[in-house]
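The residues of the chain are indexed from 1 along the displayed sequence. Just the heavy atoms: all of them, side chains too, but no hydrogens, waters or symmetry mates, feed the values below.
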Amino acid sequence: MEKRNLTIIREFVLLGLTSSPEHQYPLSALFLCMYLVTVLGNMLIILTTGFDSGLRSPMYFFLSNLAFVDICFTSTTVPKMVVNILTDRRTISFAGCLTQFFFFSSFVNMDSLLLCVMAYDRYAAIGHPLHYTTIMNPRLCVQLVAGLWVVTYLHALLHTILITRLSFCVSNVIHHFFCDLNPLLQLSCSDISFNVLLIFIIGGLLALTPLVCILISYVLIFSTILKITSTEGKQRAFSTCGCHLSVVVLFYGTAIAVYFRPSSSHTPESDTLSAVMYSVVTPMLNPFIYTLRNRAMKRALQKMFCRVILVQ
């Protein structure tokens with residue numbers, strides 16, 4: 001009987017954001033527009049940093065990687081969600097669900113770790129300006145990014161393998177718009193205590209360690225800025241950190257609301273809303289935050305557009 005139950009569920013049903021017919025087209029149009037803005041905005045960052053030789057510093061190397069991850073991040077969930085809303089076909093295969101979860105988990109953790117590395121980069125630039133090029137040399141930057149990809153993929157693979165060992169024999173309805181870890185565990189009729197333990201130990205280390213490092217970096221950054229005697233120097237230092245800090249607050253504030261609350265306080269509506277904020281809204285806002293508040297990026301964008309217009 002147990003083996004038969006293990007083969008019952010071969011696909012899941014993603015309830016999405018709404019089942020109301022009158023909301024389907026407005027929602028699909030809204031999220032399609034948000035997705036296009038995210039892709040175009042982050043592609044613009046990648047093109048600008050590659051186009052302008054003045055943006056070849058480690059800061060912009062990490063920023064272009066963050067932009068790439070944000071494109072992949074939203075592409076993992078939003079297109080499938082829009083198709084589900086438009087076609088009203090909300091099913092996803094078991095293999096498709098695990099694949100979506102694997103890549104989503106990889107990209108969300110990569111986002112988190114890149115924000116941590118970017119905070120350290122800002123500390124090195126402001127706290128040790130004379131040794132900055134030595135500390136954040138190109139080889140180290142490439143090694144850091146490569147190492148982060150390995151860590152995030154191994155972490156996602158671990159949870160994916162553990163999910164395959166669970167049985168789903170009660171319900172196949174996921175109260176979410178994508179295959180996330182908590183909704184999947186709630187559907188399992190197996191013992192998930194080991195999965196939950198790993199979430200809080202490994203997942204906690206992978207999520208909270210970068211956050212702690214970011215906080216420490218900014219404490220050191222602000223203490224260094226306060227020692228700067230020049231008002232213009234202080235303003236320039238604050239402006240370079242303000243963009244990154246805004247993104248950190250947006251990303252971590254909503255992600256923590258989903259993954260690090262007591263299970264008794266979880267509701268499908270609150271989890272879905274928080275997930276929309278950190279997986280859709282934040283990647284869309286990142287290009288605006290980094291370009292509108294960064295003078296070097298604005299100058300590079302103007303030069304690139306001027307050159308494109310002149311070529312035409």
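In the model, T74 has no side-chain atom that pairs as donor or acceptor with a side-chain atom of T38 under 3.5 Å.
Every residue two or more places apart in sequence or in another chain that forms a disulfide bond (SG atoms under 2.5 Å apart) with C97 is listed here: C179. Annotation: disulfide bond (SG atoms under 2.5 Å apart) contacts of C189 (sequence neighbours excluded): C169.
Listed here is the closest heavy atom pair of R56 and G50: NH2-O, 2.8 Å. Closest non-hydrogen pair, Y218 versus A119, comes out as CE1-CB, 4.0 Å. Closest approach of L144 and M136 over heavy atoms only: CD1-CE, 4.4 Å.
In the hydrophobic clustering of this structure, F107 groups with L157; members are Ile, Leu, Val, Met, Phe, Trp, Tyr whose side-chain heavy atoms approach within less than 4.5 Å, directly or through other members. The hydrophobic clustering, which links ILVMFWY residues whose side-chain heavy atoms are closer than 4.5 Å, places L140 and L114 together. Cluster annotation: Y278 is connected to L208 through the hydrophobic network of ILVMFWY side chains, with a link wherever side-chain heavy atoms come within less than 4.5 Å. The cluster map of Ile, Leu, Val, Met, Phe, Trp and Tyr, joined by side-chain heavy atoms under 4.5 Å apart, puts I202 and L166 in different clusters. V69 and M43 fall within the same hydrophobic cluster, where Ile, Leu, Val, Met, Phe, Trp and Tyr residues are linked whenever their side-chain heavy atoms come under 4.5 Å apart, directly or through other members.
Looking at heavy atoms from C-beta onward, L15 lies out of side-chain contact with H176 at the 4.5 angstrom threshold. Contact of the V276 side chain with the F177 side chain is registered, since non-hydrogen atoms from C-beta on lie closer than 4.5 Å. Within the 4.5 Å cutoff, no side-chain heavy atoms of Y123 are placed close to those of D121. Taking 4.5 Å as the limit, every side-chain heavy atom of F94 sits out of range of all side-chain heavy atoms of E11. Within the 4.5 Å cutoff, the side chain of F12 has no heavy atoms near those of the R90 side chain. Side-chain contact between Q100 and K80 is present, with heavy atoms from C-beta onward closer than 4.5 Å. Residues T77 and M81 form no side-chain contact, since every pair of their non-hydrogen atoms from C-beta on lies 4.5 Å or further apart. The shortest side-chain heavy-atom distance between N195 and L181 does not fall under the 4.5 Å cut-off.
Side-chain N or O atoms of N42 include one that pairs as donor or acceptor with a backbone N or O of P283 at under 3.5 Å. Not a single donor-acceptor pair under 3.5 Å links the side chain of D180 to the backbone N or O of N182. Without hydrogens or angle criteria, T76 side chain to C72 main chain gives a donor-acceptor distance under 3.5 Å. Using a distance-only test at 3.5 Å, with no hydrogens or angles considered, a donor-acceptor pair links the side chain of S223 to the main chain of V219. Counting only distance, with no hydrogens or angles, the side chain of N137 and the backbone of T134 share a donor-acceptor pair below 3.5 Å.
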Inset, instruction - Kindly indicate, with the supporting measurements, whether the criterion side-chain contact (heavy atoms from CB on, under 4.5 Å) is fulfilled by V13 and I174. - result: CA-CA 6 Å; V13 177; I174 298 176; over 6 Å; no
Inset, instruction - Step by step, work out the side-chain contact (heavy atoms from CB on, under 4.5 Å) result for F103 and V108. - result: CA-CA 9 Å; F103 285 108; V108 72; over 6 Å; no
Legend entry - Intermediate values then yes/no, side-chain contact (heavy atoms from CB on, under 4.5 Å), D70 and V39: CA-CA 8 Å; D70 280 342; V39 172; over 6 Å; no
Inset, instruction - Under the side-chain contact (heavy atoms from CB on, under 4.5 Å) rule, what do R122 and M59 come out as? Steps first, then yes or no, please. - result: CA-CA 8 Å; R122 288 300 81 207; M59 172 184 172; 3.5 Å; yes
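Here I216 contributes atom CD1 and L211 contributes atom CG; the two are 10.0 Å apart, rounded to the nearest 0.5 Å. For the atom pair CD1 (I163) and OG (S190), the distance works out to 11.5 Å, reported to the nearest 0.5 Å. Atoms CG and CD1, from L197 and I192 in turn, are 12.0 Å apart once rounded to the nearest 0.5 Å. Taking CD1 of I92 as the reference point, atom CZ of F178 lies at 11.0 Å (rounded to 0.5 Å).
Residue F194 places its CZ atom among 12 or fewer non-hydrogen atoms of other residues, nucleotides or ligands, all under 6.0 Å distant. Under a cut-off of 6.0 angstrom, the local environment of CZ in R89 is sparse, with at most 12 non-hydrogen atoms contributed by other residues, nucleotides or ligands.
Evaluation of the disulfide (SG to SG under 2.5 Å) test over residues 107-163, restricted to residues two or more places apart or in two chains, returns none. Here side chain to side chain donor-acceptor pair (under 3.5 Å) pairs that include residues 151-161, with residues two or more places apart or in two chains, are N109-H155, H155-H159. Among residues at least two apart or in separate chains, ring-ring contact (aromatic ring centres under 6.0 Å, His included) pairs with a member in residues 59-80 are F73-F104.
For the side chain to side chain contact (heavy atoms under 4.5 Å, CB included) test with I71, the passing option among L40, I46, I45 is I46; the others fail.
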Do any side-chain atoms of residues 26-36 form donor-acceptor pairs under 3.5 angstrom with protein atoms, and if so which ones, sequence neighbours left out?
| unit_1 | atom_1 | unit_2 | atom_2 | d |
| --- | --- | --- | --- | --- |
| S28 | OG | Q24 | O | 3.1 |
| S28 | OG | Y25 | O | 2.9 |
| Y35 | OH | S75 | OG | 2.8 |

